[in-house]
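Written out below as structure tokens is the structure these notes cover.
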Amino acid sequence: MPDTDALLQVEHLSHSFGGFKAVDDCSFDIARGSISALIGPNGAGKSTVVGLIGGALRNQSGSIHFDGHDISRMAAFKVARLGLLRTYQVSREFGRLTVMENLLVPPPNQKGENLLNVLFRPSVGRGEDRMLVDRAVEVLETFGLLSLRDEYAANLSGGEKRLLELARAVMAQPKFMLLDEPMAGINPALIARLDSHIRRLRDELGITFLLVEHNLDVVERICDRVVVMAFGRTLAEGRMSELRQNPEVVRAYLGGGLDERAAG
Amino acid sequence: MGLILQSVGFGLVTASVLAVASVGLTLQFGVTNYINFAYGTFLMLAAYLTWTLSVKAHLNFILAAAVACVLMGVIAVGVARTIFKHFVDRQAPLFYLLIVTFGLSLIVSNVIEAIWGPGFETYNLSVGTPLTLGPFSLTPTQLLIMGLAVVLMLGIHFMLTRTVLGKAMRAMSDNRDLAQVSGINTDRITMWTWFITGCLAGLAGIALTVTTVSFGPTSADSFLFVIFAAVILGGIGHPYGAMLGALVLGIITEVSAVVVSSAYKDDIAFVALIVVLLLRPQGLITSRGRA
Amino acid sequence: MGLILPYLATLMVFFFIYNIFTWGLNIQFGYAGVLDFTFITFVACGAYFAGVFALGPGSKQTGFEWILGLNWPFPIALLAGAAAAGILGLIIGLIAINRLRSDYMAIVTLAAGTVIYGLVSNFTPLFDGFDGLAGLTQPFSQILPLNSNQFTYLWVLVSGVVMVVCWFIAQRILNSPLGRTMRATRDDQDAADTFGKDTVRVRLIAMSMGAVLAGVGGALLMGFIGAFSPAGWTSGETFVVFAAMIVGGTGNNWGGVVGSFVVAVLINEATRYIPPIQADPTLIPTVRNMLIGASLIVVLWVRPQGIIPEARRRLYQLPLRPGKPPAAEVESA
């Protein structure tokens, strides 16, 4: 049954909040190296699925496998250590850290995080930091954030914070990135740039992406495959152009229409 | 065995006091979404006001208690309007508010000590002869407190289900933003909530000090943790849960005082709190529906 | 003149010790966002354990009873006090710290402190209950027999040296990648979690290291005064350290120095030397406590970042590599 090509496998996932079934027997696979999207009308259970995959919620039934590991009930930080990284609908920058410091937090297994090294061999952390700073400078440059490196993250604009989140995530060298509405609330010019960053990261670093996104034009432009959710379950899967013809999918987006932004 | 049954009777008295206090705290937490660490000092302040009014000003005790409760409600509103509101309006981080209420408790407890001194006071009430009811033996005062608590809980239930204020409080407790966009004057409801929490704190403080022989400025310090435990057990922000939590914890603390030792009553309350926190940590997160 | 100098030296000792406290609380709260409402319990833990390591054996017959009573030299006793406080910090941290709201930490720490206070006060075999430990002979008196004034001067030196060591510990943590992860956890625990940081572990380290500094300060207090009892660590004392930290500024250790001076020395210690008013001897301490509570609220109201705000770290302002022009400004959304 396991598909060797699937990096993430969600099987028969269900989750309810006090009697309300937010996710109800939802299954889908995400292929390695793909850029996929998870779409659906409001209340379809997308955010709950993201929470379950990322480990913010413990799932009640069904299973989630990531890169050969069962992450069904794994704590968020352990999931992250396997290389699965999520972002949030609202930017979650470390506000009182500078942009540069924000990028230095993610790299895993830093020797400078060990208390004994900190107290007795501080040079270990400093040496490691120098290398990380070099990498961070490169990443900041590609995201156009280098001039803001000493600014407090809290002082960035909404769009800059989005870029920072992506840049920060790259520093963790993830295999898989789960972006929860990355385009929400940013201007069209920046959307185009985020688009190209996502594609570049997939092409250059081989990072697999799953986007929860309301902007269907963006989805059509960059996503290879789309999973449509409605009423807590998977309604359809396929390319965006095919899905636009699928009457069931069109019905799920009642009224809003697939050509409009479906965000309500 | 008789002793244990008797302690269940005392447990019901403690539970009554606890229920009043816990409902007051949980209503406020539900509506405002931060915990008031100065709540214990509210209890004592009302007790001392009652003492001054009844013992020094020779007011009828019931009247003195009623005046003190209303005063305490007014003081709570005053504090909330002048201090807490400032931080809430500026969307200050949660821990600011916690530290502010923590600081306020230091101020209030020292105001109490400065005015009334560090010594112990008593209301000089006659407790009356204990009445034997089945296995229980309780004084008329204790019975009165239990009766009052039951009436009060019914009143709270009526308020929450039947009145505009109560419905608005529940709506704010569920979802503040939604309540605001549906036209509820959240500012006013918050202030009424503070008034009610102040009154209930006052009543609980008076009941607590009436049931003990004498009281000092720190008499409610450890009781605060029993209140926390009851509130958390019931799920913070849920008044009916708090009533149930109060019943459970009231009986547990009194029975264990007999079984273990009354010297360790506070420690038992703490153990109860820890067990509650370990078993029901989510009780601290008010349910906000689906994500 | 004969009185001023020892008086100033005494204030100096308290200033040094409060610096250590403030840095300790800052590690917990200012770095890692751990809300520890019972910091003073760790101070007491350090003082008591340093005491019972340095004191001779107690016995029920003399009316002075306590555990251990090892008669060990003071430096070892100080380390023992620090270790005991660190372990207690870990234990309370294990209950208090998880991935829930900060209310949770506040309630558990405060409740734990109250219970430990009750236990230590009532259970005499531990640290002699309400009477507390007493009768510690001057540390180092065998090598250096000093009169009480000279001993005060010696203690300025001892606490000064210990303070410098603590400064390096606090600074090393702050400026390390560990400190960075602590501050990230403070700013957004969930987000730090999603980068694979074990934020509970990070906070436990902060809790424990903060408690170690509290214990060191407590041990110094024990050595200086020679006695320690529950009257010295009522829950109000935690406010003093909180006020010092908040007034001075969190997230940096210079703020702690300024805060300890203003709150712990000027308000707290200095008022103790005002002669008590005859009619009402409790008035001065209560007014002091009101001032401290008010200073917390006022500073959070007027200047939440404190007198000295957290420094912006420009450690990483490396020169750009040659040949690459600085990147263009990002258009704002």
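Chain identifiers are assigned alphabetically (A, B, ...) following the order of the sequence lines, protein sequences preceding nucleic acid strands; residue numbering begins at 1 within each chain. All of these numbers come straight from a predicted model, not from anything done at the bench.
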Heavy-atom neighbours of A:Arg121 CZ exceed 12 at 6.0 Å | no
Check each atom of A:Pro107 against the heavy atoms of chain C and say whether the ones under 4.5 Å are side chain, backbone, both or neither.
-> backbone
At a heavy-atom separation under 4.5 Å, does C:Ile173 approach chain A through its side chain, its backbone, both, or neither?
-> both
Looking at C:Asp190, C:Thr199, C:Ile169, which makes the most heavy-atom pairs under 4.5 Å with chain A?
-> C:Asp190
Side-chain heavy atoms of C:Asp188 within contact of A:Glu93, under 4.5 Å = no
State the CZ-OG1 distance between A:Arg96 and C:Thr250, to the nearest 0.5 angstrom.
-> 5.0 Å
Rounding to 0.5 Å, atoms CZ (C:Arg186) and CG (A:Leu97) come to a distance of 7.0 Å
Using side chain to side chain contact (heavy atoms under 4.5 Å, CB included) as the criterion, point out the one residue from A:Arg126, A:Glu113, A:Lys111 that pairs with C:Pro177.
-> A:Glu113
Greatest number of non-hydrogen atom pairs under 4.5 angstrom with chain A, of C:Gly251, C:Ala184, C:Ala191, falls to C:Ala184
Under a 4.5 Å heavy-atom cut-off, does chain C meet the side chain of A:Arg168, its backbone, both or neither?
-> both
Can you tell if the side chain of C:Thr194 reaches within under 4.5 Å of the side chain of A:Arg92, non-hydrogen atoms only?
-> no
Non-hydrogen atoms of chain A under 4.5 Å away: do they reach the side chain of C:Met182, the backbone, both or neither?
-> neither
Atom pair CE (C:Met209) and CG (A:Leu119), whose distance is rounded to the nearest 0.5 Å | 5.0 Å
State the CZ-CG distance between C:Arg180 and A:Asn102, to the nearest 0.5 angstrom.
-> 10.5 Å
Segment of A:Glu165 engaging chain C (4.5 angstrom heavy-atom cut-off) | neither
Count the heavy atoms belonging to other residues, nucleotides or ligands that lie under 6.0 Å from CZ of C:Arg201, then report whether that count exceeds 12.
-> no
Please step through side chain to side chain contact (heavy atoms under 4.5 Å, CB included) for the pair A:Gln110 and C:Thr181, ending with a clear verdict.
-> CA-CA 10 Å; A:Gln110 295 183 34; C:Thr181 305; 5.7 Å; no
Could you give the distance from CG (C:Leu178) to CG (A:Leu116), rounded to the nearest 0.5 Å?
-> 10.5 Å
Heavy atoms from other residues, nucleotides or ligands near CH2 of C:Trp72 exceed 12 (cutoff 6.0 Å) = no
Verify side chain to side chain contact (heavy atoms under 4.5 Å, CB included) between C:Asn175 and A:Val118, making sure each step is shown before the conclusion.
-> CA-CA 9 Å; C:Asn175 294 323; A:Val118 169; over 6 Å; no
Return the option, out of A:Lys78, A:Glu128, A:Glu151, with the maximum number of heavy-atom pairs under 4.5 Å with chain C.
-> A:Glu151
Kindly give the heavy-atom pair with the smallest separation between C:Phe195 and A:Ala172, and that separation in Å.
-> CD2-CB, 4.3 Å
